[in-house]
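The next block holds one structure in the form of structure tokens; read it before the comments.
For the single chain, residues carry numbers from 1 onward in sequence order.
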Amino acid sequence: MSSEVSARRDAKKLVRSPSGLRMVPEHRAFGSPFGLEEPQWVPDKECRRCMQCDAKFDFLTRKHHCRRCGKCFCDRCCSQKVPLRRMCFVDPVRQCAECALVSHKEAEFYDKQLKVLLSGATFLVTFGNSEKPETMTCRLSNNQRYLFLDGDSHYEIEIVHISTVQILTEGFPPGGGNARATGMFLQYTVPGTEGVTQLKLTAVEDVTVGRRQAVAWLVAMHKAAKLLYESRDQ
């Protein structure tokens with residue numbers, strides 16, 4: 001991939017919307033698959049009462065729109081200002097209590113797991129039914145649209161075309177707890193071809209920092225997949 005193409009993919013611009021300032025991709029086609037579109041606000045003329053507590057709006061009880069769902073609330077029911085990364089807002093924006101709770105949970109992904117995915121990790125990668133795995137570094141592209149796999153060869157998998165993400169585990173720690181992540185099974189489609197392609201990532205069996213990084217990457221990728229599927233449903 002040329003540096004010019006990479007720069008086009010990652011280019012961003014600052015725009016102002018009714019909800020606030022947003023740093024969005026310069027080219028819409030390169031937007032993050034985890035992103036959400038801004039909602040249509042419920043028109044003011046249809047907002048006579050708070051859609052949460054039913055308080056009547058007047059000179060003292062002002063109406064506010066939640067930036068995530070677009071519904072209309074009084075100040076008490078829509079007072080929290082929370083980061084909303086999935087809509088690319090630069091600053092925290094006003095949200096209702098229900099949406100704020102969701103956005104708080106998503107913030108952990110953007111603050112922690114996303115950094116792990118962008119940094120990448122090393123795995124043994126098996127394509128399809130091949131019996132010969134290849135050592136490759138796997139990482140998420142800066143614009144979050146592609147999974148890059150680099151070794152003796154280079155592959156790019158578009159995130160939106162991944163249909164199945166399954167964590168592979170083994171064993172259970174003494175006294176209970178979660179099984180240990182050892183790899184990941186992915187299924188995805190390739191535009192212009194029929195059928196589904198499968199891919200297996202296996203963490204290298206050692207006790208170095210590399211393995212810990214690989215396990216963290218697997219967990220982060222699993223959480224990214226959940227966000228991706230939620231985006232498709234919204």
What is the minimum heavy-atom distance between [X] and [Y], and which atoms define it?
X    : Y    : value
C88  : V24  : CB-CG1, 4.2 Å
P83  : Q95  : O-NE2, 3.9 Å
L147 : L149 : O-CD1, 3.7 Å
L36  : R22  : O-NH2, 4.4 Å
M51  : V42  : SD-CG2, 4.3 Å
R211 : A203 : NH1-CB, 3.2 Å

Between L118 and N142, does the side-chain contact (heavy atoms from CB on, under 4.5 Å) criterion hold? Intermediate values first, please.
CA-CA 7 Å; L118 293 172; N142 291 336; 4.2 Å; yes

Mind checking whether [X] and [Y] have side chains closer than 4.5 Å, heavy atoms only?
X    : Y    : value
E106 : R86  : yes
T135 : F123 : no
H64  : D75  : yes
M136 : T122 : no
V15  : L21  : no
P39  : C69  : no
T164 : Q198 : no
S163 : Y188 : no

Return yes when atom CG of D54 has more than 12 non-hydrogen atoms of other residues, nucleotides or ligands closer than 6.0 Å, and no otherwise.
yes

side-chain contact (heavy atoms from CB on, under 4.5 Å) between C72 and F57, intermediate numbers included:
CA-CA 10 Å; C72 208; F57 295 125; 4.0 Å; yes

Transitive ILVMFWY side-chain link [X] to [Y], under 4.5 Å:
X    : Y    : result
M87  : V102 : no
L168 : V196 : no
V93  : V90  : no
L227 : L101 : no
L228 : W217 : yes

Is it the case that the ring center of F34 lies less than 6.0 angstrom away from the ring center of Y110?
no

Indicate yes or no: does D58 engage K63 in a salt bridge with an N to O separation below 4.0 Å.
no

Measuring from atom [atom1] of [X] to atom [atom2] of [Y], what distance do you get when rounded to the nearest 0.5 angstrom?
X    : Y    : atom1 : atom2 : result
L218 : T202 : CG    : OG1   : 9.0 Å
I167 : T182 : CD1   : OG1   : 8.5 Å
C53  : R76  : SG    : CZ    : 5.0 Å
H222 : Q166 : NE2   : CD    : 8.5 Å
Q80  : C66  : CD    : SG    : 10.0 Å
I159 : S141 : CD1   : OG    : 7.0 Å

Worked verdict on M184 versus M221 for side-chain contact (heavy atoms from CB on, under 4.5 Å):
CA-CA 9 Å; M184 177 172 284; M221 186 62 190; 3.6 Å; yes

Do the side chain of T126 and the main chain of S130 share a donor and acceptor less than 3.5 angstrom apart?
no

Is a donor on one side and an acceptor on the other found under 3.5 Å between the side chain of Q213 and the backbone of G120?
yes

With S19, which residues qualify under side-chain contact (heavy atoms from CB on, under 4.5 Å), at least two apart?
S17, E38, W41, R67, F89

Checking D111 now: which residues fulfil salt bridge (charged side-chain N to carboxylate O under 4.0 Å, His left out) with it, not counting sequence neighbours?
R85

Quick one: do the E156 and H154 side chains pair a donor with an acceptor below 3.5 Å?
yes

Can you find a side-chain donor-acceptor pair between S103 and R68 that sits under 3.5 Å?
yes

For a side-chain contact (heavy atoms from CB on, under 4.5 Å) check, start with the C-alpha distance between L140 and Y146, then their side-chain angles and the critical distance, and finish with the verdict.
CA-CA 6 Å; L140 191 66; Y146 298 89; over 6 Å; no

